[in-house]
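A quick write-up on the structure given underneath.
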Amino acid sequence: MPENILIAIAWPYANAEIHVGNLTGSHLPGDIVARYHRLKGNQVLMVSGTDSHGTPVTLRADALGKPVEQVYKEYHAGFLELFQQMGITYDLFTTTHTENHFKVSQAIFLALRENGFLFTQKSMQWYSPDARRFLPDRYVEGTCYLCGAEGARSDQCDNCGNVLEPEKLVNPHAKTGDGALELRETEHFYLDLSKLEPAVTKFLQERAKRMRETVLGESLGKIEAEGLKPRPITRDLDWGIPVPVEGWDGKCLYVWFEAVIGYLSAAIEWAQIADQPQAWREWWVNPAARQFYFIGKDNIFFHTSLWPAQLMGVGEQFLKIFAEDEGRLTIPFDVPANQFMNLEGQKISGSRNWAVWGRDALTRYDPDALRYYLTINMPEMRDTDWDWAEFVARNNNELVATWGNLANRVLSFCYKHWDGHVPPIDPARLAQADLDLLAAIEAGFESVGRELEAVRLRAALQEALRLASEVNKYLDTSAPWLQIKTDKDAAARSTYTALKAIDSLKLLLAPFLPFTCERLHTFFSYAIPLFGKQVTEPVQDSLGEHTVLRYRSGGQEGRLPCQWKPSDLQPGTKLNQPAPLFKKLDESLIAEERARLGK
RNA sequence: GCCGAGGUAGCUCAGUGGUAGAGCAGGGGACUCAUAAGCCCUUGGUCGCGGGAUCGACUCCCGCCCUCGGCACCA
């Protein structure tokens, strides 16, 4: 029976391009797991969108002298292009600036309020009369009242590391250059996380066995040590989602509160666009649905504590308010957060251009070459490093040599000697060695599948590559290029065996290397593709127009049958002219790429 | 400062209370279907440092050093 799998991926913020660290951190692992479950025939919904609200976007817009909406839309358009080229197959990639997301977020807010998890509190905030707005603490600097260091942020001093009370900061001034600041009173809504702490603790304990050490330590360990404290969830801002309460004009829901709600609102928008308006419930009002959240380590708190607290806090109220219906929202199954990827030994930094940008890299390298390196080097347990020499070495020694060359050597040998057909053998006459190899490869559907289920993607890819190596060893032993000189039937059997093994490996590798596996799939002349197509389309609502990225499955009813099973390659099948799947990379590019960094 | 994760062969990483593992790189060999790829053999490590309980630890406990993240108004 097909399972419902929600693949939820961190929402990229609309003030920077996406780099390899972002890709390997969340978008790529999410896509790999989504493709695996689609191949298994499960019902997958993979969603994310551009986080378009909040102060950083407005500041960026001010700096560029452009309207905020234009700025977020420019980044959004770039994201859509990247995901299509990289094969990140979102069922819906939307944005937080939609009428639907506004409604859903406001309903969550009201449901939490109804259930008594919100309260209001007044506080003093720095206000810029010149800019006519309150400034976030992050944008106010001054002298630390504890250690005397200059350049302390009003909420925290980077010199002594202490958390500061903003109103005590000495000589405060705006980082953005606005004139004198004054303290003004303001009022905000707070989410009373302390009331939800027992529920969050239970939620984490129930998942402790499957969650990564890094994720659990960062959340459960933290709560046990410090507890959960109330957090403000509104801000003095005009770019965002209005607080749905009378008399609260000029205030918006704070971005971290509303951005995570996007996982739910995007599912609802997807259902509307797909013209099955109730379909989102299969992932969101279904205790059996499994939700996976792919994020970076900087985001752990928001996804393991805050978002579950919001979901559990709304109880049955959300569905009552939003749909006049009954039921509870599904809570996360796992949050396989990744660590960070550095670049040539240093932290990735957009402002210093110490980065490998996704769209730029794709102008010079094939998506599967990038996907391979980003997966085999994924920061699952600890930070990893993108090193151009290693990229070239792994591409040439592993991807091309072990797998690409294997597919090419067998296909071209077969194509040449059997006139473009799979050797017409009698499968009943296969030798023990042939059957042993096929059994070893077919066990991969279990072993690779087990790693993918547990979201251990490096291990899964390593296992698939190890199996490819088994086929190389088999070929060396059976040596069909020698057999064919003396015993063409024997050569036909070993070539058929190797072809069938490759046909199975193609599926095991497809979640990781979708473009080349799809191409290999066509060499075998299959009628049904492995994967569907990505399309963009405009959507109109009361806020205007936004463009979304969607995924269309290649199947008749929008879904392909289960293909995650061993090859059933028929002797005598017509093949298409094969060609190498990957390119060897020249070592000279290492120096070229390194020269680009930091400029 | 506090909390958390990590520090294992030249590189990237896996691992466990009982004589240290893989891939790549380095060295040697036989072969030629293949993108000079593949296959076989092989050299590398006092498992961050210092103590402790144990018959015995890389693995458990304590202390320290280094790297990274978080610390709730950056997402």
Length of the line joining Leu475(A):CG and G38(B):P, which is rounded to integer Å: 13 Å
Inspect the contact between Arg458(A) and Glu451(A) and indicate whether a charged nitrogen and a carboxylate oxygen are less than 4.0 angstrom apart. no
So Thr477(A), base contact, sugar-phosphate only, or nothing? Heavy-atom distance under 4.0 Å. nothing
So, do Trp481(A) and C33(B) meet the stacking rule of ring centres under 5.5 Å and planes under 30°? yes
Leu399(A) CG to A37(B) C1', straight-line distance once rounded to whole Å: 13 Å
Distance test, side-chain N/O of Lys347(A) to OP1/OP2 of G69(B), below 4.0 Å: yes
Nearest to the side chain of Arg409(A), heavy atoms from C-beta on, is which of C33(B), G23(B), U12(B)? C33(B)
Would you mind reading off the distance between Asp385(A) atom CG and U67(B) atom P, rounded to a whole angstrom? 16 Å
Look through every strand shown and name the nucleotide pairing with C58(B) as Watson-Crick or G-U wobble, where both distances are under 3.5 Å. none
Do the side chain of Asn405(A) and the base of A34(B) come within less than 3.5 angstrom through a donor-acceptor pair of N or O atoms? yes
Are Trp307(A) and Tyr263(A) close enough that a side-chain donor and a side-chain acceptor fall under 3.5 Å? no
When you compare the side chains of Ser494(A) and Gln483(A), does any donor N or O come within less than 3.5 Å of an acceptor on the partner? yes
Counting only side-chain nitrogens and oxygens, does Tyr254(A) get under 4.0 Å of the OP1 or OP2 atom of C74(B)? no
Short side-chain donor-acceptor distance under 3.5 Å, Arg60(A) and Tyr75(A): yes
Ranking A75(B), C68(B), C39(B) by distance to the side chain of Ser469(A), first place goes to C39(B)
Between P of G21(B) and CD of Gln462(A), the distance in whole Å: 18 Å
From the list Val71(A), Thr94(A), Thr95(A), Asp51(A), side chain to side chain contact (heavy atoms under 4.5 Å, CB included) partner of His76(A) resolves to Thr95(A)
With respect to the phosphate group of C39(B), does any side-chain polar atom (N or O) of Thr402(A) fall under 4.0 Å of OP1 or OP2? no
Could you tell me whether Ala393(A) contacts a base, only the sugar-phosphate backbone, or nothing, with contacts defined as non-hydrogen atoms closer than 4.0 Å? nothing
Lys229(A) NZ - C71(B) C1' separation (whole Å): 8 Å
Could you tell me if Lys506(A) sits above the aromatic ring of Trp403(A), with its cationic atom closer than 6.0 Å to the ring centre and no more than 45 degrees from the axis? no
Using a cut-off of 4.0 Å on non-hydrogen atoms, how would the nucleic acid contact of Leu581(A) be classed: base, sugar-phosphate, or nothing? base
Using a distance-only criterion (donor-acceptor N/O pair, under 3.5 Å, no hydrogens), is the base of G69(B) paired with the side chain of Asp298(A)? no
Base, sugar-phosphate or nothing for Phe582(A)? Non-hydrogen atoms, less than 4.0 Å. base
Give Lys584(A) one of three labels, base, sugar-phosphate or nothing, depending on what nucleic acid heavy atoms sit under 4.0 Å from its own. base
At under 4.0 Å, does any side-chain N or O of Arg466(A) touch on OP1 or OP2 of A22(B)? no
Nucleotide forming a Watson-Crick or wobble pair with G63(B), both distances under 3.5 Å: C49(B)
Please report the distance, rounded to the nearest Å, between CD1 in Ile295(A) and P in G70(B). 12 Å
Quick check on A37(B): is either OP1 or OP2 less than 4.0 Å from any side-chain nitrogen or oxygen of Asn397(A)? no
Using a cut-off of strictly less than 4.0 Å, decide whether Arg382(A) has a side-chain nitrogen or oxygen near OP1 or OP2 of A14(B). yes
Taking only the side-chain heavy atoms of Arg235(A) (C-beta and beyond), determine which of C71(B), A14(B), C73(B) contains the nearest atom. C73(B)
pair_partner(C39(B)), Watson-Crick or wobble, both distances < 3.5 Å, evaluates to G29(B)
For Leu585(A) and A36(B), give me the distance from atom CG to atom C1', rounded to whole Å. 17 Å
Trp256(A) vs C74(B): side-chain N/O to OP1/OP2 distance below 4.0 Å: no
Using a heavy-atom cut-off of under 4.0 Å over every strand shown, decide if Pro480(A) touches base, sugar-phosphate, or nothing. nothing
Can you tell me the distance, in whole Å, between the CG atom of Asn395(A) and the P atom of C11(B)? 22 Å
Please tell me which of the listed nucleotides, A75(B), G38(B), U35(B), lies nearest to the side chain of Asn472(A)? G38(B)
Regarding Leu228(A), tell me which of base, sugar-phosphate or nothing describes its non-hydrogen contacts under 4.0 Å with the strands shown. base
Does A72(B) have a Watson-Crick or wobble mate here (both distances under 3.5 Å), and if so which one? none
If you measure from the Lys or Arg side-chain nitrogens to the Asp or Glu carboxylate oxygens, is any gap between Asp334(A) and Arg210(A) under 4.0 Å? no
Thr96(A) and Ser52(A) side chains, donor-acceptor separation under 3.5 Å: yes
If the glycosidic angle sits within 90 degrees of zero it is syn, else anti. Tell me which applies to G44(B). syn
With respect to the phosphate group of A34(B), does any side-chain polar atom (N or O) of Lys416(A) fall under 4.0 Å of OP1 or OP2? yes
